[in-house]
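As structure tokens, the structure follows; a few thoughts come after it.
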There are 2 protein chains.
Amino acid sequence: MPTVSSEELAAAAGVNSAKLRKDFSYLGSYGTRGVGYDVEYLVYQISRELGLTQDWPVVIVGIGNLGAALAGYGGFASRGFRVAGLIDADRAMTGKQVAGLTVRHTDELEPLIKESGVSIGVIATPAGAAQAVCNRLVEAGVTSILNFAPTVLNVPEGVDVRKVDLSIELQILAFHEQRKAGEEAELREAEAAAAGQGGKPAADAVARPAARKKRTGQGPDGDVPAVMPA
Amino acid sequence: MPTVSSEELAAAAGVNSAKLRKDFSYLGSYGTRGVGYDVEYLVYQISRELGLTQDWPVVIVGIGNLGAALAGYGGFASRGFRVAGLIDADRAMTGKQVAGLTVRHTDELEPLIKESGVSIGVIATPAGAAQAVCNRLVEAGVTSILNFAPTVLNVPEGVDVRKVDLSIELQILAFHEQRKAGEEAELREAEAAAAGQGGKPAADAVARPAARKKRTGQGPDGDVPAVMPA
DNA sequence: ATGCCTTTGTGAACGCGTGCACAAAGATGG
DNA sequence: CCATCTTTGTGCACGCGTTCACAAAGGCAT
Ligand SMILES: NC(=O)c1ccc[n+]([C@@H]2O[C@H](COP(=O)([O-])OP(=O)(O)OC[C@H]3O[C@@H](n4cnc5c(N)ncnc54)[C@H](O)[C@@H]3O)[C@@H](O)[C@H]2O)c1
Ligand SMILES: NC(=O)c1ccc[n+]([C@@H]2O[C@H](COP(=O)([O-])OP(=O)(O)OC[C@H]3O[C@@H](n4cnc5c(N)ncnc54)[C@H](O)[C@@H]3O)[C@@H](O)[C@H]2O)c1
């Protein structure tokens, strides 16, 4: 397939074709009217604009369960990311081989970053250590951080942080799951209500559709509230 | 602190206070004018609306490096998620203990889901197996999936999928990283150009600021294009 | 060379989320 | 019981991203 139309690409990606064309136009990618986009050239343009044509050395800090899994993940190398080093504070870990790389002690963090020209750091330490590690990374010259610890990191301007919080991912799923269940329950309730009922909560349910199952007063069940705080 | 104002909360979260109040109003959470929100009641309301007051059994499929790390992750339990079972296709894994749980063979997937009432599944298998695993999960009654494999999953309507793609997270960081570097380089170029130059690419750079370093024609360097496809 | 047909690139309109600003509510003190 | 002061809840306007729709461009057949 030497060429594709915006229509085909849009269908494959599940987006609107106009949006796709406009997005392409931002990076100056010229297609050919009446034909479409040259696949090879397009891929090259997007790769380059996304920074995929260059090699990005990254450092992983905190080689526990997660850090070790990340170190051995093949999906990074194929996208141009190279693990330049593994760092852990635990002396017992130092010198160990993980995914073919030697784990180095935290003391070596700064020289490693400077020697390898690392600008992207991955934090996989416990939450308590994350901010301190972050500070050292930034101080040493790292300007992009991928954070797996469940903490909000404070960084100076110019430094980008992306946080991957798996609990939140699950929470979002659970939220929609509950919503699905709630809607079904509501349908059943509505049917039951139609059959014969005399209360007044129906008016409330209509007036405020987003607030399902609003407790009147303070929850009748006296269970402890806070599951929320991390 | 028995009560908080929307202003305080907004400052802490780094958002606009009006937005925060409006969001709260959607879930019918009543504050008290002139005082603020009762912390305990608010936490309870949000927890309940988010589905955090109930226990969610989850099943993890694919107990490799990543799956094992997830199985042992304490952050799930504290948010109300309980690992109901670990599933792997590898017979050599079956029966092994991982994070205090016994790994079960794929054959036991359906009974496990039905017995435990699992509605959330986590896929940590290789990309090639993900769609097949997904199909089986959905067939068995799972309606929410957290997918770590780098594949787009096709699911019937009513099933939610969230994808965690670590490579893309890194790519986003790399993109901004490149942009930062590009801006610096452009400043230097502009200075150099001001000093004394005779080309014409400057006009292009002004006309289309989003398209930095646009190659005229097809890149002079004959390097292979495609780093992009997964 | 000419006309037709396909597909791009983009101006204009639409819709939605965000932020502003203020009236209403309620607590608190006199 | 009334006045004052704080803070909520929300109508309204603004801005941005998305989508529509179409003129211009270019290939291709005749
Ligand atoms: N395991 C998961 O699936 C998972 C999922 C989501 C989030 N997380 C988060 O990722 C982080 C790591 O999880 P884990 O399961 O790998 O934990 P872990 O305890 O297995 O590993 C943490 C590692 O960090 C090292 N460490 C501690 N302090 C350090 C410091 N100051 N500098 C360098 N290294 C240090 C420890 O020696 C240990 O090897 C945690 O914050 C956790 O909440 C983990
Ligand atoms: N390791 C990481 O840090 C990381 C990061 C991002 C994404 N991922 C993705 O997560 C997935 C797992 O990564 P990993 O490093 O743990 O790989 P892995 O090879 O260590 O583990 C994969 C596991 O899945 C099992 N498996 C294979 N087919 C199966 C099937 N049909 N049913 C059930 N189990 C099956 C295998 O037996 C193996 O135990 C991959 O798709 C990978 O691309 C991994």
Side-chain angles (χ1 to χ4, degrees), chain A residues 1-46 48-50 168 172 175-176 179 203-218, chain B residues 1-46 48-50 168 172 175-176 179 203-218:
Chain A
M1 204 172 190
T3 142
V4 271
S5 70
S6 63
E7 205 63 57
E8 292 169 299
L9 276 177
V15 297
N16 186 287
S17 67
K19 175 166 152 57
L20 193 140
R21 285 199 298 277
K22 189 159 282 187
D23 284 358
F24 280 4
S25 78
Y26 288 137
L27 51 88
S29 194
Y30 287 172
T32 309
R33 298 180 184 218
V35 178
Y37 297 88
D38 181 83
V39 173
E40 195 180 348
Y41 183 55
L42 183 65
V43 166
Y44 171 72
Q45 285 294 333
I46 296 178
R48 188 177 48 75
E49 191 69 21
L50 259 41
I168 286 190
I172 293 171
F175 173 70
H176 287 118
R179 238 180 148 69
D204 178 276
V206 172
R208 201 176 277 278
R212 62 189 72 265
K213 282 190 198 169
K214 185 171 69 170
R215 292 261 198 285
T216 51
Q218 35 161 299
Chain B
M1 202 172 191
T3 144
V4 272
S5 70
S6 62
E7 205 65 56
E8 293 168 301
L9 275 177
V15 298
N16 186 284
S17 68
K19 175 165 152 58
L20 193 140
R21 284 198 299 278
K22 190 161 287 187
D23 284 358
F24 280 4
S25 78
Y26 288 136
L27 50 89
S29 194
Y30 286 174
T32 310
R33 299 179 183 216
V35 177
Y37 298 88
D38 180 83
V39 172
E40 195 180 347
Y41 183 53
L42 182 65
V43 166
Y44 170 72
Q45 284 294 334
I46 296 179
R48 190 179 47 75
E49 189 70 22
L50 260 40
I168 285 189
I172 293 170
F175 173 71
H176 288 118
R179 237 180 148 72
D204 178 275
V206 171
R208 201 176 276 278
R212 61 190 73 267
K213 283 190 194 168
K214 185 170 71 172
R215 292 261 198 285
T216 51
Q218 36 159 300

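Within every chain, numbering begins at 1; the chains are lettered A, B, ... in the order of the sequence lines, protein sequences first and strands thereafter.
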Are Tyr37(A) and dT6(C) close enough that a side-chain N or O sits under 4.0 Å from OP1 or OP2? no
Interatomic distance, Leu9(A) atom CG to Phe24(A) atom CZ [nearest 0.5 angstrom]: 5.5 Å
Minimal non-hydrogen separation, Tyr37(A) against Arg21(A), with atom names: OH-CG, 3.8 Å
Selection: residues 7-24 of chain A, any non-hydrogen atom under 4.0 Å of DNA chain C: Arg21(A), Lys22(A)
What are the two closest non-hydrogen atoms of Thr3(B) and Val35(B), and how far apart are they? OG1-O, 3.6 Å
Polar contact flag, side-chain donor to acceptor under 3.5 angstrom, Tyr41(A)-Gln45(A): yes
For dT7(D) and Tyr30(B) - does any side-chain N or O of the residue sit under 4.0 Å from the phosphate oxygens OP1/OP2? no
Integer-rounded Å distance: dG9(C) C1' and Leu27(A) CG: 13 Å
Check whether any side-chain N or O of Ser5(A) sits under 4.0 Å from OP1 or OP2 of dT7(C), and answer yes or no. no
What does nucleotides 23-30 of chain D look like as a protein-contact string, B for base, S for sugar-phosphate only, - for none, at under 4.0 angstrom between heavy atoms? -BB-S---
State the CG-OG distance between Asp23(A) and Ser6(A), to the nearest 0.5 angstrom. 11.5 Å
Rounded to the nearest 0.5 Å, how far does CZ of Arg179(B) lie from CG of Leu50(A)? 10.5 Å
Return the CD1 to CD1 distance between Ile172(A) and Ile168(A), rounded to the nearest 0.5 Å. 6.5 Å
Using every non-hydrogen atom in the two residues, find where Ser25(B) and Lys22(B) come nearest and quote the distance to one decimal. OG-O, 2.6 Å
